[in-house]
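This report concerns only the one structure given below.
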There are 2 protein chains.
Amino acid sequence: MPKRKHQPAPRDTSLSRERIVEAAIQLLDEGGERALTFRALAEHLETGAGAIYWHVANKHDLLTAASDVVVAQALDAGTSARSPAKRLRALAIHMFDAMDAHPWMGSALAQAPGAIPMARLFDRIGAQVRGLAMTPNQEWPVTSALVHYILGVGGQNAANSKMARERGLERSHALTTVADAWQELDSHAFPVATSMARQLKTHDDREDFMAGVDLLIAGVVASADRTAG
Amino acid sequence: MPKRKHQPAPRDTSLSRERIVEAAIQLLDEGGERALTFRALAEHLETGAGAIYWHVANKHDLLTAASDVVVAQALDAGTSARSPAKRLRALAIHMFDAMDAHPWMGSALAQAPGAIPMARLFDRIGAQVRGLAMTPNQEWPVTSALVHYILGVGGQNAANSKMARERGLERSHALTTVADAWQELDSHAFPVATSMARQLKTHDDREDFMAGVDLLIAGVVASADRTAG
DNA sequence: ACCTGAACACCGTTCAAGT
DNA sequence: ACCTGAACACCGTTCAAGT
């Protein structure tokens, strides 16, 4: 009867908030939002479900912490561009890619309005917006519009990934399915949607995302010119 | 004369998809997303939980149907404005108000990417975008940007309402709490967020939303001018 | 065709009890 | 201080059985 049966196998590291968040991200990335449960997390970390609550307040807290790790990582990259507009574009595309790689993040951010990851995003976007020529009282609405746009696209993008995963399809194939459904809508009730279904099939999410960012930037520049001129 | 069945406790109407969706909207509006459960719904409709599944595929289907009722209502109003840009503004503000009045809709729409309510929204927005002077291949990205922006703001707005509700606060008071938290962040790590906290407290969600819509429209007009000129 | 409601397979969270 | 794991109070969904 080996006595080590009663001794816990030596852990790589003891339980910590950092390890929990890391494991949560892994579960979320691998299996989507449904895969993150305290039971699965406990099994993954070889501990009890209740132990996690010593380091993390609740599931909402955990999702916010996981988002913050990903957001911080995304926003730290690509700030070396030479103009505010270019840095803005770089930040935006990094956020897009991060939300694409971690589709759970869209809804996580949508559920944590004032939390740290949102403050981080506002801060980084806001810093570049200040660099664009504009009156000070435009800074807030412009920053706000950019952040909301980024989150809006990210959320829909995440939804598409999730839908694809649930139906066990490639993402592009899932979009084709949607496009086919739109094409078969009543063309009297949905004249534009039916005719736009083709673009839905062939479009590039990433390009369209950047087109929107550029539209917002162009709008800011146009408004600034009008104010200045 | 039609035979009348003698029923001791006659219902107003028998169970139907329409009545279920209507009751779901009521529960959602009154108690938030948490309040919509099949058990609560069954009790409200004086039936069994399983009966609902005869008319509705699952909870996701129910949320989508509920969203569609609200979206259809919002988009039917205010199409009488005299220019495409004005009609676009009218549609946007109606969507904002609808998402504000029904805070559960933001996340419901985010979970139903290709579904009917999304097709409806794309169709109505797209129809006005076509009226703006632009090249045909810009129609899709512009429509897409507007829709995503609307959903992004709606989602965050809903999150604010939800947060306020959960903490049992007035919505403006909840935002003040967030603003205070941002103000107390490390001003070295969050230089812009800390200094923008004041605007967070005093801003008007609705005005900021429209400022973003105008920014996008201005961007479209500026791009069109450049292409044309 | 439509409804019932118990049962199934889960959840997040708590907490007395351990080390 | 930190962890255990059973227990609690729920969920969405299914399905044999009813009308």
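Quick note: numbers below take in every heavy atom, side chains included, and nothing from hydrogens, waters or symmetry partners. Per chain, numbering begins at 1; letters A, B, ... match sequence-line order. These figures come from a predicted structure and were not determined experimentally.
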What is the distance, rounded to the nearest whole Å, between atom [atom1] of [X] and atom [atom2] of [N]?
| X | N | atom1 | atom2 | value |
| --- | --- | --- | --- | --- |
| L45(A) | dG5(D) | CG | C1' | 16 Å |
| F38(A) | dC11(C) | CZ | P | 12 Å |
| E43(A) | dG5(D) | CD | P | 13 Å |
| L63(A) | dT13(C) | CG | C1' | 15 Å |
| R39(A) | dT14(C) | CZ | C1' | 12 Å |
| L36(A) | dG12(C) | CG | P | 7 Å |
| E33(B) | dC11(C) | CD | P | 20 Å |

Under 4.0 Å: is that the gap between some side-chain N or O of [X] and OP1 or OP2 of [N]?
| X | N | answer |
| --- | --- | --- |
| W54(A) | dC3(D) | no |
| H60(B) | dG12(D) | no |
| H55(B) | dA1(C) | no |

Across all strands shown, which nucleotide pairs with dC3(D) by Watson-Crick or G-U wobble geometry, both distances under 3.5 Å?
none
When both distances are under 3.5 Å in a Watson-Crick or G-U wobble arrangement, the nucleotide paired with dC8(D) is dG12(C)
With rounding to the nearest 0.5 angstrom, report the OG to CG distance, S195(A) to D123(B).
8.0 Å
How would you label the contact of L62(B) with the nucleic acid (heavy atoms, under 4.0 Å): base, sugar-phosphate, or nothing?
nothing
Sugar-phosphate, base or nothing in reach of I52(B), heavy atoms under 4.0 Å:
nothing
Side chain of [X], heavy atoms from C-beta onward: which of [options] has the nearest atom to it?
| X | options | answer |
| --- | --- | --- |
| T37(B) | dC11(C), dG12(D), dC3(C) | dG12(D) |
| L15(B) | dC3(D), dC3(C), dT13(D) | dC3(C) |
| Y53(A) | dC11(D), dC3(C), dG12(C) | dG12(C) |

Do you know which two heavy atoms are closest between S161(B) and D100(B), and how far apart they sit?
OG-OD1, 4.3 Å
Taking atom types as modelled, find out whether N157(A) and R171(A) have a side-chain donor-acceptor pair closer than 3.5 angstrom.
yes
Between R34(A) and G50(A), who's closer to the 5' end of DNA chain C by nearest nucleotide?
R34(A)
List the steps, then state whether side-chain contact (heavy atoms from CB on, under 4.5 Å) holds for T143(A) with V192(B).
CA-CA 11 Å; T143(A) 303; V192(B) 181; over 6 Å; no
When the ring planes of W140(B) and H203(A) are compared, do they come out parallel, tilted or perpendicular, using 30° and 60° as the limits?
perpendicular
